[in-house]
Number of protein chains: 2
Amino acid sequence: MEKDFGSMAALIGDPVRANILWTLLDGRAYTASELAIGVDTSAQNLSMHLGKLIKAGLLSVEIQGRHRYYTFSRPEVAYAVESLAGLLPARPATTTASADLPIRNCRTCYDHLAGRVGVELTESLVRQKLITRSANDFVVSKKGNRWFGQMGIDCEALRQQRRGFARACLDWTERRPHLAGSLGAALLQKMLDEHWLRRMANTRAVLVTPKGQKMLSELFR
Amino acid sequence: MEKDFGSMAALIGDPVRANILWTLLDGRAYTASELAIGVDTSAQNLSMHLGKLIKAGLLSVEIQGRHRYYTFSRPEVAYAVESLAGLLPARPATTTASADLPIRNCRTCYDHLAGRVGVELTESLVRQKLITRSANDFVVSKKGNRWFGQMGIDCEALRQQRRGFARACLDWTERRPHLAGSLGAALLQKMLDEHWLRRMANTRAVLVTPKGQKMLSELFR
DNA sequence: GGAATAGTTCAGCGCAGAATGAACTATAAA
DNA sequence: TTTATAGTTCATTCTGCGCTGAACTATTCC
């Protein structure tokens with residue numbers, strides 16, 4: 001028994017696997033490549049780790065076409081992850097220095113915008129009554145549909161996709177939700193295409209360009 | 001945050017450290033040399049591992065003469081260890097032999113009662129509407145307050161403690177929750193004091209005395 | 001059909017981190 | 001005082017396991 005416990009602990013104790021579990025904590029199903037982006041490792045390596053987690057019965061897969069969606073096999077896994085996170089020492093009074101780190105300020109969460117900028121953008125959309133919160137999703141108003149249309153984003157098309165259309169994703173730095181789902185992804189893509197934002201290498205941090213600064217303050221404040 | 005979680009998981013994920021935590025799960029304080037024997041490794045190596053667990057705040061030491069007694073620094077650590085154990089694959093066709101092992105039947109989890117007896121006792125309390133489940137805690141009803149009072153347990157005093165009052169701790173053999181927290185600890189202590197239960201040496205198993213059999217079946221069925 | 005995308009498997013490399021041995025401090029007994 | 005026990009620290013060795021690159025299968029799209 002203690003042997004079993006040791007191997008279970010070792011299983012969770014790898015940085016990559018821990019990050020996978022941490023990512024899955026939002027309850028959504030992720031494909032292998034999404035996870036590879038999220039935990040920032042190669043596809044092969046991730047595949048190996050997923051295999052171990054599957055074999056141990058922590059995760060389950062659902063195969064859909066050429067995609068494989070990974071989730072927790074049962075809620076107990078999420079509870080255990082949370083109880084582990086609960087052991088972390090209480091955050092030592094976030095310093096102004098670390099509060100200004102780019103990664104806290106403006107970053108991507110999988111394929112949409114997160115961090116302070118992501119949250120404030122989302123809240124601006126709500127204030128302008130372009131979207132409204134509904135449980136774990138956002139609902140786009142008629143006014144919002146037009147607005148996104150003018151941005152070159154076709155909400156109807158996005159709604160057809162399998163994945164969530166306009167999810168509310170809880171931000172771990174801001175502790176407030178930001179716009180996710182296919183709509184959030186499309187919005188980020190648009191802002192990257194228009195060179196309002198630029199991805200930084202080897203990190204999820206995102207840079208706001210001068211042009212972006214102008215456009216964002218115009219559209220969202 | 002994910003980094004912190006990863007390092008916490010890695011901390012627990014070493015075989016020796018996992019065994020240390022597993023050993024300490026009985027709530028007793030162990031000296032370094034006792035642990036070295038228990039987890040079967042050298043003294044120096046163990047000392048190194050204990051140092052890491054201490055630095056991470058999972059364990060605390062009390063120095064008495066030339067001995068150093070190690071324990072969990074707080075009950076949450078024990079809960080997390082149990083929840084990890086709960087992830088172990090369902091035992092393949094539990095033989096009648098292993099199902100009857102004392103350790104499965106009646107044991108302590110850190111400082112409260114677990115195993116089949118612990119779970120059934122908890123479920124009896126729920127049936128009698130003395131407590132009700134609420135997320136990861138139990139709520140004690142007015143009737144329950146009186147009941148615990150008659151047992152000589154002062155719920156109000158227990159509520160003042162820093163630690164959780166009536167936690168629901170998931171049992172790794174029964175896969176159902178049992179009563180933990182300061183209330184669970186007080187109840188176990190009471191049953192030990194009244195000689196309904198007796199701790200067995202060098203194990204987490206607990207013996208139900210004849211007197212205990214009588215009282216338990218009276219109170220809980 | 002061919003090309004692109006999604007994902008896995010396998011062999012070999014590399015390194016973080018665990019284990020070891022020796023030296024050290026400190027308490028307790030004789 | 002000397003000896004034994006309890007425990008830690010440090011420098012060094014060693015090894016398990018994660019990571020990479022290459023090759024592979026499977027599905028979708030054109």
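Residue numbers begin at 1 in each chain, while the letters A, B, ... track the order of the sequences.
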Could you pull out the closest heavy-atom pair between [X] and [Y], with the gap in Å?
X: B:Ala114; Y: B:His178; value: CB-CE1, 3.5 Å
X: B:Ser7; Y: B:Asp4; value: OG-O, 2.8 Å
X: A:Leu121; Y: A:Leu216; value: CD1-CD2, 4.3 Å
X: A:Ile20; Y: A:Leu35; value: CG2-CD1, 4.2 Å

Side chain of [X] only, heavy atoms from C-beta on: which candidate in [options] is closest?
X: B:Tyr70; options: D:dG7, C:dA18, C:dG7; result: D:dG7
X: B:Arg66; options: D:dC19, D:dT5, D:dG7; result: D:dT5
X: A:His67; options: C:dT8, C:dA6, D:dA4; result: C:dA6

Point-to-point distance, once rounded to the nearest 0.5 Å, from OG1 of B:Thr71 to CD of B:Glu62: 7.5 Å
Whole angstrom is fine here: how far is it from [atom1] in [X] over to [atom2] in [N]?
X: B:Ile54; N: D:dG7; atom1: CD1; atom2: P; answer: 13 Å
X: B:Leu35; N: D:dA6; atom1: CG; atom2: P; answer: 13 Å
X: B:Asp14; N: D:dC17; atom1: CG; atom2: P; answer: 11 Å
X: A:Lys55; N: D:dC17; atom1: NZ; atom2: P; answer: 12 Å
X: A:Leu11; N: D:dC17; atom1: CG; atom2: P; answer: 12 Å

Under 4.0 angstrom between B:Thr31 side-chain N/O and D:dA6 OP1 or OP2: no
Members of residues 42-50 of chain A that approach DNA chain C, where some heavy atom sits under 4.0 Å away: A:Ala43, A:Gln44, A:Ser47
Close side-chain approach of B:Tyr70 to B:Ile54, heavy-atom, < 4.5 Å: yes
